[in-house]
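Atoms considered below: every heavy atom in the structure, side chains included; atoms not considered: hydrogens, waters and symmetry mates. Because the structure is a prediction, the values reported are computed rather than measured.
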Amino acid sequence: MSEDGARARRAADLLRFLRTIQKPGFPIDELDEGANLVAAGLVDSLAVLQIAMYLEDTYGINFVVRGIDPGELMSVAGILDLIEREAG
C-alpha cells in the first residue's frame, strides 16, 4: 500500500473512532484535518486520553515510555503524523 493510501486508511479508522467519542451534534465529516478537535467542539479534554488509549491499543504507541504531548493529539493531522512517526 502506498504511503498516501496508508494515511487515508488510518484517517478513515481514526474518524470512525472519533465518532464514538465525539460530542453529539458535531458534523465530523466537515472537519478539516488540521482543525483543533477540542477548540472545534468535537471532543472535550478528557477525550484526549481516550485518543491516547486508542493509539496504544491500535498502533502499539507506548505513551508511558514516550510521554503524552497533548498538542500532538489535538488534530487529525497531528494524530496521523504521530502514528507515522511512532508506528511506522
Side-chain angles (χ1 to χ4, degrees):
M1 181 180 300
S2 74
E3 192 65 33
D4 288 341
R7 186 175 176 100
R9 181 185 49 75
R10 289 179 182 133
D13 292 345
L14 177 59
L15 288 175
R16 246 187 317 281
F17 169 73
L18 290 174
R19 282 186 186 94
T20 69
I21 64 168
Q22 77 177 69
K23 292 181 181 178
F26 188 88
I28 194 168
D29 296 323
E30 298 172 18
L31 182 70
D32 178 79
E33 199 175 270
N36 182 303
L37 300 172
V38 175
L42 178 66
V43 298
D44 59 28
S45 57
L46 292 177
V48 174
L49 295 176
Q50 291 176 288
I51 293 168
M53 289 175 20
Y54 164 79
L55 295 174
E56 285 182 334
D57 293 344
T58 306
Y59 296 102
I61 298 172
N62 188 338
F63 288 100
V64 173
V65 172
R66 75 175 302 281
I68 293 179
D69 176 357
E72 294 176 317
L73 305 177
M74 289 296 163
S75 70
V76 170
I79 295 167
L80 293 174
D81 291 345
L82 172 65
I83 293 168
E84 289 170 6
R85 278 193 314 276
E86 297 293 324

Work out which heavy atom in [X] is nearest to a heavy atom in [Y]; give both atom names and the distance.
| X | Y | result |
| --- | --- | --- |
| Arg7 | Ala77 | NH2-O, 3.6 Å |
| Ser75 | Ala35 | CB-O, 3.2 Å |
| Leu73 | Ala52 | CD1-CB, 4.2 Å |
| Val38 | Asn36 | N-OD1, 2.9 Å |

Rounded distance [0.5 Å steps], CE in Met53 versus CD1 in Ile61 | 14.0 Å
Got [X] and [Y] here, is their nearest side-chain heavy-atom distance under 4.5 Å?
| X | Y | result |
| --- | --- | --- |
| Phe63 | Glu56 | yes |
| Leu18 | Ile51 | yes |
| Leu82 | Arg66 | yes |
| Glu72 | Arg85 | yes |
| Val48 | Met74 | yes |
| Val43 | Gln50 | no |
| Leu14 | Ile83 | no |

Angle class for the Phe17/Tyr54 ring planes (parallel below 30°, perpendicular above 60°, tilted otherwise)?
->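 Phe17 vs Tyr54 ring planes: parallel.
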Sidechain N-carboxylate O distance under 4.0 Å for Arg16, Asp13 = yes
